[in-house]
Amino acid sequence: MKSELNVPSDLKFLSIVENWLLGCLEVKLKESMDWPRQSSRLRLALVEAYSNVVRHAHKDQPCLPVLIRLELKERDIAVEIWDRGEGFDLSDYLAPDPTDKQEGGYGWLIMHRLMDRVEYQLQVNGGNCLKLEVSLPESVSTV
């Protein structure tokens with residue numbers, strides 16, 4: 001299954017983004033997995049990615065579109081989040097020190113913890129692409 005969503009770069013659309021992703025996946029996966037746990041995991045990763053585009057890549061430019069692509073192959077999920085910002089140089093990224101009690105900078109770490117693979121490409125076909133991939137486990141029945 002493949003699906004895509006074009007949405008403005010505005011946090012007012014966050015619930016639409018979440019509902020689109022979870023709605024697409026729920027139809028195909030809900031019965032075969034621990035849906036509450038896995039849907040929370042996927043929702044959080046997508047919220048981090050989309051909100052980073054809105055707050056950092058597109059900085060107060062709600063007219064810039066965000067393209068989100070979803071591909072599901074059996075239990076393998078790939079989500080691409082495309083933006084039109086300047087991009088983020090990963091070589092400048094320093095992981096936050098929890099003892100510093102800083103408020104931001106944890107999104108990259110959160111996405112890496114929740115997903116099997118996180119890849120970021122600068123300036124591909126006129127945009128930047130963050131790709132999140134995960135293979136979901138089957139639910140274990142307790143009989």
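Only heavy atoms go into these numbers, but all of them, side chains included; no hydrogens, no water, no symmetry mates. Quantities reported herein were computed from a predicted structural model and do not represent experimental measurements.
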Do we see a donor-acceptor contact under 3.5 Å between the side chains of Gln123 and Asn128?
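Yes, because at least one side-chain N or O of Gln123 sits under 3.5 Å from a partner of the opposite role on Asn128.
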Which residues pass the side-chain hydrogen bond (donor to acceptor under 3.5 Å, both in side chains) test with [X], not counting sequence neighbours?
{"X": "Lys2", "result": "none"}
{"X": "Asp76", "result": "Ser135"}
{"X": "Arg41", "result": "Gln38"}
{"X": "Lys59", "result": "none"}

Verify same cluster id: Ile16, Val27 (apolar side-chain graph, 4.5 Å)
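No, no single cluster joins them.
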Side-chain (His58) to main-chain (Arg84) donor-acceptor, under 3.5 angstrom
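Answer holds: yes.
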Is Arg75 reaching over with its side chain to a backbone N or O of Pro137, donor-acceptor style, under 3.5 angstrom?
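It does hold such a pair.
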Could I get the full list of ring pair (Phe, Tyr, Trp, His ring centres under 6.0 Å) partners for His56, not counting sequence neighbours?
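Residues passing ring pair (Phe, Tyr, Trp, His ring centres under 6.0 Å) with His56: none at all.
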Check [X] against [Y] and note the closest heavy-atom contact, atom names and distance.
{"X": "Trp108", "Y": "Leu130", "answer": "CZ3-CD1, 3.8 Å"}
{"X": "Leu42", "Y": "Leu21", "answer": "O-CD2, 4.0 Å"}
{"X": "Tyr120", "Y": "Gly87", "answer": "OH-CA, 3.4 Å"}
{"X": "Trp35", "Y": "Leu29", "answer": "CZ3-CB, 4.5 Å"}

Rounded to the nearest 0.5 Å, what's the gap from [atom1] on [X] to [atom2] on [Y]? Could you check?
{"X": "Leu46", "Y": "Leu114", "atom1": "CG", "atom2": "CG", "answer": "11.5 Å"}
{"X": "Leu70", "Y": "Leu25", "atom1": "CG", "atom2": "CG", "answer": "5.0 Å"}
{"X": "Arg113", "Y": "Glu48", "atom1": "CZ", "atom2": "CD", "answer": "13.5 Å"}
{"X": "Leu5", "Y": "Ile81", "atom1": "CG", "atom2": "CD1", "answer": "11.0 Å"}
{"X": "Arg117", "Y": "Lys131", "atom1": "CZ", "atom2": "NZ", "answer": "6.5 Å"}
{"X": "Met1", "Y": "Ile77", "atom1": "CE", "atom2": "CD1", "answer": "8.0 Å"}

Test side chain to side chain donor-acceptor pair (under 3.5 Å) applied to Glu18 and Trp20, step by step
CA-CA 5 Å; Glu18 292 177 70; Trp20 166 78; over 6 Å; no
Would you please test Tyr50 and Leu14 for side chain to side chain contact (heavy atoms under 4.5 Å, CB included) and show each step?
CA-CA 8 Å; Tyr50 178 73; Leu14 186 57; 3.5 Å; yes
Does the side chain to side chain contact (heavy atoms under 4.5 Å, CB included) test come out yes or no for Leu72 and Cys24, once each step is laid out?
CA-CA 9 Å; Leu72 172 65; Cys24 289; over 6 Å; no
Going through the distances and angles, do Ser39 and Arg43 end up as a side chain to side chain donor-acceptor pair (under 3.5 Å)?
CA-CA 6 Å; Ser39 64; Arg43 185 195 65 75; over 6 Å; no
With sequence neighbours left out, which residue pairs that include part of residues 3-14 fulfil the salt bridge (charged side-chain N to carboxylate O under 4.0 Å, His left out) condition?
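Found Glu4-Arg69.
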